[in-house]
Every structure is written in C-alpha cells, then in structure tokens.
Amino acid sequence: DGGITQSPKYLFRKEGQNVTLSCEQNLNHDAMYWYRQDPGQGLRLIYYSQIVNDFQKGDIAEGYSVSREKKESFPLTVTSAQKNPTAFYLCASSLRLAAYEQYFGPGTRLTVT
Amino acid sequence: DAKTTQPPSMDCAEGRAANLPCNHSTISGNEYVYWYRQIHSQGPQYIIHGLKNNETNEMASLIITEDRKSSTLILPHATLRDTAVYYCIVRANNAGNMLTFGGGTRLMVKP
C-alpha cells in the first residue's frame, strides 16, 4: 500500500526535552510538508521541502527543525525552544511543490507536560 | 487576511444533499478553489478543485459562480461518514504557494 506513515500516533514528553516526529512516504513524491493543528483550529504550515536536501520555513517555524536527507523521509524535531509544543502534528506530501493534491499522514498527537 | 469565508457549522440529514458554501470575493484570476475535508483526529483528505468551470468527481461536485467570488461544494447523498470539517482554500498553482487551512465548516450528518 502506498501512503504516508507517521509514528507514533501519541507521544508524551517532559518539558525541556527535544522530540523527533517521524514521517515516511512511499509515494515517490518530491515535496513534503509539516503542519501543526491546535484544538478547533485549522492547519498551520511549519516547514516544507521541495526536494531532497532542501527545505524552507513555513508560517510558524520557530522552535522546530527538519531534515530531508532521503526522498522518503522528512522528520520534524520539536525543540525545547518551542513555547507551546502540545498539538496535533500532520505530515503531508505531494508529487511536486505546486501539485493540486497533498496526501496527509494520520498525524502524531504530542503532549508535553 | 483570510482569503475564504465559511460558516463554522452545518447540519445535514443522512441521504440528503449537503451544500457547503464558501465566499472568496478577493480571488485572483490565477487562483484555484480547493476543497479538503478532515474527519476527526485524522489527516485532511483532498476532495476536489476547480478554476472557473464546475467540476464533479466520485466524491462531490464543485459549483463556482460566474464571477468566481463564491463556490459551493455539494455532497449529493450525505452519509454519516461524511461528518467532518470541510476546508475551502484558494491558491495559485505556482511553486511556493502553499495551501492555507482556515477554520472550515464542521458538517454534522444526522440520521
């Protein structure tokens, strides 16, 4: 089955710890994205990557970092500098950056206490 | 500034058509109208998109007014599984233009 996987589905961390969220796709897509969603709100773009070894900041990149060493993988690190890290994190991919359809993973719900 | 305006919530009876409106009065000539939906605690799912002609696929129909300032997503026979938040997004198909998800419309399909 082709698709996007995110793991784990639920993640709990103590304040002050960095945490890395996994995102893998086997759709052979060039572009990948990370979004954050807070309760009752829409999605906000954190980072996106057009191609391997390239990524750009989205609207709310502060306190986050990413890497794109492989086409299939786009991990997101939530650093201790992120003031309010508790949220639902969604990864997506598309054939290319301006493609009309983005495919989303199931999401990771991060809780930091 | 929000590019689209949607009602925060709507109800629909199961088996009836669900008509979800979206206003996008400042849409530019090269911007498309996209619709995605998000079932609770899942990732969003693409539904349909269009530029100026009406579009139909296996999931829904998209009706865009002639002046392109508003559109309606139609689910012809809503089922309980169509209960979700529906997002209307306008975006030009140029590299670097991202999808911007606003608050959407929470559609509740009732038995």
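We name chains A, B, ... by the order of the sequence lines, and we start the count at 1 in each one.
By the criterion of side-chain heavy atoms lying less than 4.5 angstrom apart, applied directly or through intervening Ile, Leu, Val, Met, Phe, Trp or Tyr residues, Ile27(B) is grouped together with Leu73(B) in one hydrophobic cluster. Under a hydrophobic clustering in which Ile, Leu, Val, Met, Phe, Trp and Tyr are joined whenever their side-chain heavy atoms come within less than 4.5 Å, directly or via other members, Ile63(B) and Trp35(B) fall into different clusters. Both Leu62(B) and Ile47(B) are members of a single hydrophobic cluster when ILVMFWY side chains are connected at heavy-atom separations under 4.5 Å. In the hydrophobic clustering of this structure, Tyr86(B) does not group with Tyr103(A); members are Ile, Leu, Val, Met, Phe, Trp, Tyr whose side-chain heavy atoms approach within less than 4.5 Å, directly or through other members. Hydrophobic cluster membership differs between Ile4(A) and Leu21(A), with clusters built from Ile, Leu, Val, Met, Phe, Trp and Tyr side chains linked at under 4.5 angstrom.
In this structure, Asp30(A) and Gln50(A) have side chains that are not in contact, with every pair of non-hydrogen atoms separated by 4.5 Å or more. When side chains are defined from C-beta on, Met98(B) counts as touching Tyr33(A), because their heavy atoms get closer than 4.5 Å. Between Gln6(B) and Leu20(B), every side-chain heavy-atom pair lies at or beyond the 4.5 Å cut-off.
Chain A forms more heavy-atom pairs under 4.5 Å with one residue of Gln42(B), Arg106(B), Gln45(B) than with any other, namely Gln42(B).
Residues from residues 40-48 of chain A that place a non-hydrogen atom less than 4.5 Å from a non-hydrogen atom of chain B comprise Gln41(A), Gly42(A), Leu43(A), Leu45(A), Tyr48(A), given in numerical order. Proximity to chain B among residues 56-66 of chain A is not found for any residue, judged by heavy-atom separations below 4.5 angstrom.
Using a 4.5 Å cut-off between heavy atoms, Tyr32(B) makes no contact with chain A at all. Contact annotation for Thr100(B): neither backbone nor side-chain heavy atoms come within less than 4.5 Å of a heavy atom of chain A. Proximity to chain B is limited to the backbone of Ala99(A), based on heavy atoms less than 4.5 angstrom apart.
Below 30°, between 30° and 60°, or above 60°: for Trp34(A) and Tyr89(A) the angle between ring planes is above 60°, a perpendicular geometry.
Remark: the Tyr34(B) side chain and the Gln102(A) side chain contain no N/O donor-acceptor pair separated by less than 3.5 Å.
Geometrically, Arg109(A) engages Phe88(A) in a cation-pi contact defined by less than 6.0 Å to the ring centre and at most 45° from the axis.
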